[in-house]
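Some notes on the structure that comes next.
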Amino acid sequence: VIDLGSAQPEEHPGRVVVVGGGILGTWHALEAVRRGWEVVHLERDQRPQSASARNFGLIWVSGRAPGRELVLALRARAKWEELAADCPEMGFRAAGSLTVATGDEEWAALEAAVKLDDADVRQFALVNAVEARRLSPALGQAVVGCLYCRADALVEPRTAVARIQRWLEHRSPRYHWLPGREVTSLSGERVVDHTGDIHGADLVVFCPGASDGGLAREILAGAPLQRVALQMFETAPYPLTVGPAIANADSLRYYPAFAGGPRSLLTPATEESDRWRTQLLVTQRLDGSLTIGDTHRYDEPPAFDYDSRPEAWFVAAADAVTARPVPPVARRWIGVYHQCTDDRVYLRTAPDPGLVVVAGAGGRGMTLSPAIAEETFGLIEPQRKEG
Ligand SMILES: Cc1cc2nc3c(=O)[nH]c(=O)nc-3n(C[C@H](O)[C@H](O)[C@H](O)COP(=O)(O)OP(=O)(O)OC[C@H]3O[C@@H](n4cnc5c(N)ncnc54)[C@H](O)[C@@H]3O)c2cc1C
């Protein structure tokens, strides 16, 4: 259970203004409240609707790169579960994931995955077809076995961020959520929003996501970041229980955990999959619908229009591993995130004393945010005490 109330007034470190109400800003706000800060949280939109509301909701440990990225993911996974005990409304499920093999070659790649040095900390296990269908009644007869990752988990992305914010408002008088405020200028001491309101601060944390205009453009100019645009869709409710998140073997081509042995055992991706940088991921929402994706495009500027051509690939790929056909598509969308162009897991800069900018968590930002926020305050607080 997360303790938000124990810091006594004389211990309060000051007032932090967090700008950006996506998952990264929200976990920074939560971490700050937990450490005794007074928190003013500003967001341009009335409710979160950027990448943090458009993703799969996967708390995805299985595919993370070995080393620092995996350590962060495991720490973050623990913090998600800790919060879920107090804030069940965000829809956290320790559902795990199943990466599916439909033939000998894919099965050999999964066998190589369970032999990775860090397979134990990822909680990997191989399961045969019978066991896989017991874990996920949605899997069809074509599945010969799966890589089961017990560490993976799910939240409801459309609502999780807002639910955490409501929970913070409810639980702490030191948290002040101010949506519908676009910040137009900031320094380490003051933040000005579009209404002209000035918010004094002892510390400012700016988590702008992949915004390409306004203040983010100015502050992140020249930063080693690139935008990636992804397409996903959601179906009508599926008649069976999916349980764990489902991935097909193409995901081994994509996630860094499998870069060595496992990936080398797969034949090259099909031309279509390569063109759209597709991997099949399927998660079931609490209302029974399926979120299916995703494609990856690196064009700059990102396309504004949804391209329906890869959709047939996804439906065929999902139908190939599921027991019943994928229901009709109900909604489609594009989401954009920033990722670092160097080997950093994410970007943290301090362009001004008292101002910290955190961005570029890439396709793992939903997963890693709790651990990133903990790192930010773990670095800042000792510096401030010394200063
Ligand atoms: C389609 C898709 C699928 C994904 N799937 C997963 C997944 O399953 N698991 C995973 O771990 N990650 C996933 N990701 C990545 C993850 O969603 C992102 O890394 C994460 O949401 C980024 O969070 P953020 O808070 O940095 O950015 P955002 O969610 O973009 O939030 C930034 C916020 O800052 C606000 N803002 C910007 N400038 C200002 C300003 N000047 N004033 C006020 N407000 C401002 C914006 O309005 C926005 O709400 C996925 C991403 C996409 C696009």
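All ligand and atom numbering here is 1-based and tracks the order in the structure.
- Residues Q339 and Q226 meet the side-chain proximity criterion, which asks for heavy atoms closer than 4.5 Å.
- Looking at G335 next to ligand 1, no N or O pair under 3.5 Å apart turns up.
- Ring orientation note: the planes of F124 and F258 are close to parallel, at an angle under 30° on the 30°/60° scale.
- Using a cutoff of 4.0 Å between basic side-chain nitrogens and carboxylate oxygens, E375 and R75 are not scored as salt-bridged.
- Closest to atom 52 (C) of ligand 1 by heavy atom, among Y337, W27, F206, is Y337.
- V39 is not listed as a side-chain neighbour of L168, based on a closest heavy-atom distance of 4.5 Å or more.
- Atoms of ligand 1 found under 4.0 Å from any heavy atom of S211, numbered from 1 in the order shown, are 37 (C), 38 (N).
- With salt bridges taken as basic N to acidic carboxylate O contacts below 4.0 Å, none links R285 and E234.
- In terms of heavy-atom proximity, P137 sits nearest to L240 at O-CD1, 3.8 Å.
- At a heavy-atom cutoff of 4.0 Å, ligand 1 is contacted by both the backbone and the side chain of V183.
- Under a 4.0 Å N-O distance rule, the pair D307/R309 qualifies as a salt bridge.
- Of the residues listed (E38, H41, E169), the one engaging Y175 in a side-chain hydrogen bond (donor to acceptor under 3.5 Å, both in side chains) is H41, and it is the only one.
- Proximity to R364 (heavy-atom distance under 4.0 Å) selects the following atoms of ligand 1: 10 (C), 11 (O), 12 (N).
- No heavy atom of G214 sits closer than 4.0 Å to any atom of ligand 1.
- Polar contact with ligand 1: absent for D294 (N/O pair, distance under 3.5 Å).
- Minimum heavy-atom separation, P66 to P256: CD-O, 4.4 Å.
- Electrostatic pairing of R134 and E131 counts as a salt bridge here, judged by a charged N lying under 4.0 Å from a carboxylate O.
- For K115 and E111, the salt-bridge test fails: no basic side-chain N is under 4.0 Å from an acidic carboxylate O.
- The residue among P48, S50, G293 with a heavy atom at the shortest distance from atom 30 (O) of ligand 1 is S50.
- Contact annotation: R181 has at least one heavy atom less than 4.0 Å from an atom of ligand 1.
- Atom 35 (C) of ligand 1 has its closest protein heavy atom at E43 OE1, 3.1 Å.
- Taking distance alone, with nitrogen or oxygen atoms compared against 3.5 Å, M232 stays at or beyond that limit from ligand 1.
- With contacts defined as side-chain heavy-atom distances shorter than 4.5 Å, the pair L178/H199 qualifies.
- Scanning all protein heavy atoms for the shortest distance to atom 16 (C) of ligand 1 gives M366 N, 3.7 Å.
- With a 4.0 Å cut-off on non-hydrogen atoms, R54 touches ligand 1 through its backbone and not its side chain.
- For ligand 1, the polar-atom distance check against T367 finds a nitrogen or oxygen pair separated by under 3.5 Å.
- Numbered from 1 in the order shown, with element, the atoms of ligand 1 that lie under 4.0 Å from a heavy atom of V336 read 53 (C).
- Residue D45 has at least one heavy-atom neighbour below 4.0 Å for each of these atoms of ligand 1: 47 (O).
- Looking at T26 against ligand 1, nothing comes within 4.0 Å, counting heavy atoms.
- Other residues, nucleotides and ligands contribute at most 12 non-hydrogen atoms within 6.0 Å of the CD atom of E189.
- For atom 18 (C) of ligand 1, the closest heavy atom belonging to the protein is G362 O, 3.6 Å.
- Atom 9 (N) of ligand 1 has as its closest protein heavy atom L58 O, 2.8 Å.
- Note: an N/O pair closer than 3.5 Å links L24 and ligand 1 by distance alone.
- Per-residue contacts place V19 under 4.0 angstrom from the following atoms of ligand 1 (heavy atoms of the residue considered): 42 (N), 43 (C).
- In this structure, A32 and F377 approach most closely via the heavy-atom pair CB-CZ, 3.5 Å.
- At a 4.0 Å cut-off, not a single heavy atom of A216 sits close enough to ligand 1 to count as contact.
- Side chains of C340 and L225 form a contact here, defined as non-hydrogen atoms less than 4.5 Å apart.
- When only non-hydrogen protein atoms are considered, atom 50 (C) of ligand 1 lies nearest to N55 CB, 3.3 Å.
- Proximity of R348 to L379: side-chain heavy atoms (C-beta onward) are separated by under 4.5 Å at one or more points.
- When all heavy atoms are compared, the tightest approach of A132 to L98 is O-CD1, 4.0 Å.
- The protein heavy atom nearest to atom 27 (O) of ligand 1 is G209 CA, 3.3 Å.
- Looking only at protein heavy atoms, the nearest one to atom 21 (O) of ligand 1 is S52 OG, 2.9 Å.
- Ligand 1 places these atoms under 4.0 Å from at least one heavy atom of G22: 25 (O), 29 (O), 31 (O), 33 (C).
- Salt-bridge annotation for E374 and R35: absent, with no side-chain N of the basic residue lying under 4.0 Å from a carboxylate O of the acidic one.
- In this structure, W60 does not count as a contact residue of ligand 1, since none of its heavy atoms falls inside 4.0 Å of the ligand.
- Remark: distances from the non-hydrogen atoms of G363 to ligand 1 include one below 4.0 Å.
- Two residues are said to be in side-chain contact when any heavy atoms from C-beta on lie closer than 4.5 Å; W27 and I372 fail this criterion.
- Interface of G57 with ligand 1, defined as ligand atoms under 4.0 Å from a residue heavy atom, comprises 8 (O).
- Neither the backbone nor the side chain of A53 has any atom closer than 4.0 Å to an atom of ligand 1 (non-hydrogen atoms only).
- Every heavy atom of A359 sits 4.0 Å or more from the atoms of ligand 1.
- Checked by distance only, ligand 1 and W333 stay at 3.5 Å or farther apart across all their nitrogen or oxygen atoms.
- Those atoms of ligand 1 that come under 4.0 Å of a heavy atom in C207, given as number and element, are 32 (C), 33 (C), 34 (O).
- For atom 44 (N) of ligand 1, the closest heavy atom belonging to the protein is R44 N, 3.1 Å.
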